[in-house]
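Presented below is the structure to which this report refers.
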Amino acid sequence: MVLDQFSLRGKTALVIGAAGAVGRAAVVALAEAGADVAVATTTRAAREEVAANSCANEVWALDRKGFAASIDAASEADVQSLVERVAAELGRLDVLVNAHDLPFAKPVQEVSPDEWRRVLDVNLTGVFLACRAAAAPMLSQGSGRIINIVSLLVERGMVNGSALCAAQAGVMNLTRALALEWARSGITVNAVGAGWTEGMGILADEDSRRKLDRYLPGKRLARPEEIAGIVVYMASDAAEYLTGQVVWIEGGALSHV
Amino acid sequence: MSVLDKLRLDGKVAVVTGAGRGLGRAMALALAEAGCDIVAAARTRSQIDETAGLVRDGGRRCLVVPTDITDPASVAAMVESAIAEFGRIDILLNNAGGATEGMGKPVEEITDREWHTGIDTNLSGTFYCCRAAIPHMLRQGGGKIINVTSGFGLRGGRDNFMYTSSKAGLINFTRSLAMTYAERNIQANLIAPGLFPHDNPAMVEWWRGGKFVPMGRLGRDEELGPLCVFLASDLSSYMNGDILALEGGGLAGGHAPTGFAPVVPLEADARRGEA
């Protein structure tokens with residue numbers, strides 16, 4: 001039965017960046033589809049820890065196993081021990097979702113080298129660290145799914161977005177390189193290209209939101225759960241032949257001139 | 001509603017062109033399994049009859065309409081009979097295509113007729129089907145269009161002109177559909193299948209079993225089923241004008257042979273991690 005192929009029952013997932021709107025929706029969708037889900041923050045900010053804990057509560061409410069961890073996604077030690085904890089507490093690691101979301105926007109001449117490094121450390125190096133750590137259990141299982149959540153800044157530039165644009169494009173091509181490197185090891189590596197979505201860190205103010213509403217082909221932003229559907233497909237057995245791809249869920253924003 | 005329930009297509013009607021064999025049949029059967037009634041359109045009656053039998057075995061209804069998608073009158077008649085039978089069209093899967101006339105020729109040898117046949121089959125046919133079906137989708141308040149492009153719509157091919165041009169044309173045709181109908185709840189997207197030999201041993205042989213595909217194998221027809229259901233369902237409600245390529249990693253590389261990994265001698269400093 002075709003719909004059974006989407007079920008994630010018996011699989012375990014780790015979502016990093018679960019405090020963000022898209023990360024949180026991915027966690028809920030994975031758990032609804034039957035997976036046990038561990039959730040982690042992007043940074044150790046208290047606000048994120050609270051959000052990650054409430055996210056883990058949703059996993060438990062769906063009767064799935066999981067836990068919340070407050071980590072700095074740019075820390076090699078944090079990421080390594082997180083992945084080890086997933087293997088220890090949930091038994092295995094089938095799905096890694098990298099939804100790292102450290103928002104940052106500034107005119108480039110005002111961006112200090114420290115700020116630049118921090119944005120790249122979290123949003124790009126953090127994804128590398130997570131993929132590298134997850135590779136150990138996935139390679140020994142001979143199977144795994146890595147799903148990197150990226151944004152429109154992969155394909156398009158944006159005023160005041162220099163550091164984020166560089167990091168996002170980096171994640172996209174890291175995705176392609178890893179897909180090829182692990183193509184014959186049973187690990188698929190794909191990206192979900194999230195369009196402008198309600199609750200995205202970078203859309204904090206109401207004014208930029210309204211401007212986007214008018215510009216988008218469908219005249220509305222995505223709801224976070226509309227991004228999460230493809231995560232379930234990518235994580236499932238149905239997507240075994242899908243690798244190295246970005247699947248855009250952006251309401252036609254990239255069709256725009 | 002749980003995320004998996006959003007995949008259900010109960011009560012919906014899907015028109016599938018090229019439904020008589022290969023990917024078209026696999027996708028029609030997947031849509032039917034997810035709950036759709038099917039309008040099976042293709043040139044060869046015996047083949048779509050067989051698909052229809054399989055759809056009906058699964059408990060869904062199926063209308064068989066022999067159709068030549070390169071003929072606008074034939075397409076209009078097909079859509080009319082779909083509406084007469086089921087009253088609506090929720091999903092249009094433009095899968096028919098693939099003309100081989102003139103393939104393998106350099107530009108200077110391609111005839112006018114070969115050029116037009118290639119473009120008509122792969123590009124005009126999809127336009128005719130969209131033109132006929134979209135008014136019904138608008139009347140119903142929305143719909144899903146799934147067009148089938150190819151890796152050759154994104155990259156070139158030696159001695160491959162009509163196919164690459166028409167498949168690339170489909171991509172931008174679909175983007176314009178997205179721009180035009182997004183506010184009226186029609187989502188138009190593309191599937192780009194990689195190499196699918198349809199269990200044909202000659203094609204498996206021709207493609208050397210997929211040895212050069214990064215994943216090391218060719219595609220299996222039934223793998224297109226879930227993807228097609230995803231694009232036809234509410235789960236893809238914000239995906240519009242976009243491509244889902246199922247091809248084992250070919251498009252992620254392509255600039256160098258599969259498995260090629262250069263070994264660059266590192267400077268001493270870099271080896272110590274100080275570079």
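Throughout, a chain's letter reflects where its sequence line sits, starting with A, and its residues are numbered from 1.
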4.5 Å side-chain heavy-atom contact, [X] and [Y]:
X     : Y     : value
A:V2  : B:L7  : no
A:L3  : B:E33 : no
A:E32 : B:L4  : no

> Do B:T258 and A:R184 pass the side-chain contact (heavy atoms from CB on, under 4.5 Å) test, and can you show the C-alpha distance, the side-chain angles, and the key distance before you say yes or no?
Replying inline: CA-CA 11 Å; B:T258 294; A:R184 300 194 179 182; 3.5 Å; yes
Among the listed options [options], the residue most often paired with chain A at heavy-atom distances under 4.5 Å:
options                        : result
B:M239, B:R184, B:E247         : B:E247
B:G250, B:G249, B:G248         : B:G248
B:P226, B:A261, B:G241, B:A178 : B:P226
B:D5, B:L218, B:L251           : B:L218
B:N185, B:L227, B:I243         : B:L227
B:L235, B:L246, B:T174         : B:L246

>> Before you tell me yes or no, could you show the steps for B:R175 and A:H256 under side-chain contact (heavy atoms from CB on, under 4.5 Å), namely the whole-Å CA-CA distance, both residues' side-chain angles and the distance that decides it to 0.1 Å?
In response: CA-CA 8 Å; B:R175 291 193 181 114; A:H256 225 296; over 6 Å; no
How far does [atom1] of [X] sit from [atom2] of [Y], to the nearest 0.5 angstrom?
X      : Y      : atom1 : atom2 : result
B:S237 : A:R223 : OG    : CZ    : 5.5 Å
B:N240 : A:W248 : CG    : CH2   : 14.5 Å
B:N172 : A:S255 : CG    : OG    : 8.0 Å

Using heavy-atom distances under 4.5 Å, tell me whether [X] contacts chain B through its side chain, its backbone, both, or neither.
X      : value
A:Y233 : side chain
A:L216 : side chain
A:V246 : backbone
A:T188 : side chain
A:Q245 : side chain

> Where do A:Y241 and B:R217 come nearest, in terms of heavy atoms and distance?
Replying inline: OH-O, 2.7 Å
>> Tell me the closest heavy-atom pair linking B:V3 and A:A33, and the distance in Å.
In response: CG1-N, 3.9 Å
> Taking A:A179, A:S185, A:P217, A:G244 one by one, which has the highest count of heavy-atom pairs under 4.5 Å against chain B?
Replying inline: A:P217
> Between A:G218, A:A239, A:G251, A:A177, which residue shows the highest count of heavy-atom pairs closer than 4.5 Å to chain B?
Replying inline: A:G251
> Is A:E240 salt-bridged to B:R220, going by a charged N under 4.0 Å from an acidic O?
Replying inline: yes
Crowding at [atom1], [X] (>12 non-hydrogen neighbours, <6.0 Å):
X      : atom1 : answer
A:E76  : CD    : no
B:W206 : CH2   : no
B:D10  : CG    : yes

> Per the side-chain contact (heavy atoms from CB on, under 4.5 Å) rule, which among A:T197, A:I230, A:I249 passes with B:Y238?
Replying inline: A:I249
> Could you walk me through whether B:E223 and A:L242 pass the side-chain contact (heavy atoms from CB on, under 4.5 Å) check?
Replying inline: CA-CA 10 Å; B:E223 291 183 295; A:L242 181 81; over 6 Å; no
